[in-house]
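To start, the structure itself, in structure tokens.
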Protein chains: 2
Amino acid sequence: MPTTEESDERPAPRRMRADAQRNQEKLLAAAAEVFASAGVDAPIRQIAAKAGMGVGTIYRHFPTRSDLVVAVFHHQIEECAQAGPRLLADADSPFAALHRWVDLFVDLLVTKHGLAQALQSDSSRFAPLHAYFLDRLLPVATQLLDAAAGADEIRSGTHPYELLRGIGNLCIGHDDDPRYAPRRLITLLLQGLRRPGPT
Amino acid sequence: MPTTEESDERPAPRRMRADAQRNQEKLLAAAAEVFASAGVDAPIRQIAAKAGMGVGTIYRHFPTRSDLVVAVFHHQIEECAQAGPRLLADADSPFAALHRWVDLFVDLLVTKHGLAQALQSDSSRFAPLHAYFLDRLLPVATQLLDAAAGADEIRSGTHPYELLRGIGNLCIGHDDDPRYAPRRLITLLLQGLRRPGPT
DNA sequence: CGACAACCGGAACAGTGCTCCATTTACTTT
DNA sequence: AAAGTAAATGGAGCACTGTTCCGGTTGTCG
């Protein structure tokens, strides 16, 4: 057993060939750049050109476009997920934590152009992206919502999935229309979540 | 001056040729059918096949896909627009009228498959549809919102355009996910609009 | 060093949207 | 009624997609 390797788990019998590794990194960098400038629907050929490789190579590494998107945004999604519990511990109230986390979530969708759009976009493409998003973020949203409901700050019975998806939807189109500021509506939505005064 | 003609205004020097008229009607019927079954992004060729004509004819009548969509949904959009003032006159309160009208609006988006998606979908395509929608529906929304604000039922300062667009966004993807029911969120949003208790 | 498997690139195929123009067809004029 | 004219047609053609496939190349290991 060679000792020069990192301690990463390695399920495959053989590690990736060095050139393949390099190419994958180049590809991810190029894809991130193209996604940012031309959206997640940018032509594969354009990404291939920017990365200096053929389209076959891209399909070899990432069979579906969704896989590529997941790989590119993996880091940011992870950060957002991990911020949830931290906010819950630090904020003044569960609702405040929820509000801040939603802000972070919106940041994620708004900063990375086209991510919001990709998250629904016909729903059949991008299925793996959808799945990963949910797998990672739904538990966090559930935890925050439960905490706020437990503290009696919001009405109970809100579906975390629905909220996440709704917020995602509201973020669509924020950058091709200055009149549309999703955050205002999202604040409104969170207000609507608050338990109405004791009656 | 011939007297056998209807009294329609006729800005063009010549009225449409009879065969063209017939074709346009066949086309609209076929398009409505295809849109309903395959969404507004259905291939033009498919619509042409169903209507029994070449794609050239379609492009002649409706230069952009958006024009075709507008023509197909013209009637329903008009109905929704006209319902606004009526509801305002009939309902118990302006807010109730607003709520009902929003329900109608959601019906429009949810019943006609893909309409909601078309309304944002990259925003560059479908620009005429967008424009027509706004031209017709924005005044209605403004009127309802103003009335509710005037009655002190909701906070003032809400942007009608933003609300319309937000609701439209929330309606996306309702039919490919049973877990997602836009109406619940929209009700929440309207709740958030209500003026908080006097403070 | 050689052999072999992993890897690469892009040619090729199958759908798209949209344009263009030779041909057909309805309306008008004589 | 017949001929002339302009509107209308429809599909071939072009440009651009996503995706597959395989001959040639290049790391890696014995």
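Note that the structure is predicted; figures quoted are calculated from it, not measured. Naming: A, B, ... by sequence-line order, numbering from 1 per chain.
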Nearest-angstrom distance from the residue atom CZ of Arg60(B) to P of dT19(C): 13 Å
In whole angstrom, what separates Arg15(B)'s CZ from dT28(C)'s C1'? 12 Å
Taking for each residue the nucleotide of DNA chain D bearing the nearest heavy atom, is the 5' side occupied by Met53(B) or by Arg45(B)? Met53(B)
In terms of relative ring orientation, are Phe105(A) and Trp101(A) parallel, tilted or perpendicular, with 30° and 60° separating the classes? parallel
Between His61(A) and dC7(C), is there a side-chain N or O to OP1/OP2 distance below 4.0 Å? no
Nucleotide dG17(C), atom P - distance to CD1 of Ile44(B) in whole Å: 6 Å
Are the side chain of Glu153(B) and the backbone N or O of Phe95(B) linked by a donor-acceptor pair below 3.5 Å? yes
Which residue is it: Ile154(B), Leu163(B), Leu88(B)? I am looking for the one with a side-chain contact (heavy atoms from CB on, under 4.5 Å) to Leu144(B). Leu88(B)
How many Å lie between CG on Asp41(B) and P on dT17(D), as a whole number? 17 Å
Check the phosphate of dA8(D) against Asn23(B), side-chain N and O only, distance under 4.0 Å to OP1 or OP2. Yes or no? no
Measure the distance from CG on Leu27(B) to C1' on dG10(D) and round it to the nearest whole Å. 13 Å
Nearest whole Å is fine: how far is dG17(C) P from Phe126(B) CZ? 10 Å
Near DNA chain D, which residues from residues 28-39 of chain B have a heavy atom under 4.0 Å away? none
Set of residues satisfying ring-ring contact (aromatic ring centres under 6.0 Å, His included) with respect to Tyr132(B), sequence neighbours excluded: His74(B)
Between the base of dA8(D) and the side chain of Arg17(B), is one N or O donor paired with an acceptor at under 3.5 angstrom? no
Distance in angstrom units between Asp19(B) CG and dT9(D) C1', rounded: 9 Å
On DNA chain C, compare the nucleotides closest to Gly52(A) and Gly56(B); which residue's is nearer the 5' end? Gly52(A)
Qualifying salt bridge (Lys or Arg N to Asp or Glu O under 4.0 Å) pairs with a residue from residues 89-110 of chain B, counting only residues at least two apart or across chains: Asp103(B)-Arg183(B), Asp107(B)-Arg183(B)
Can you tell which of dG17(C), dT19(D), dC7(C) lies closest to the side chain of Tyr59(A)? dT19(D)
Expressed as a whole number of angstroms, how long is the span from Ile58(A):CD1 to dC7(C):C1'? 15 Å
Closest non-hydrogen atom pair, Glu162(A) against Arg179(B): OE2-O, 3.5 Å
If only side-chain N and O atoms of Thr57(B) are considered, is one of them under 4.0 Å from the OP1 or OP2 phosphate oxygen of dG10(D)? yes
Decide, yes or no, whether a salt bridge links Arg125(A) with Asp41(A) under the criterion of side-chain N to carboxylate O below 4.0 Å. yes
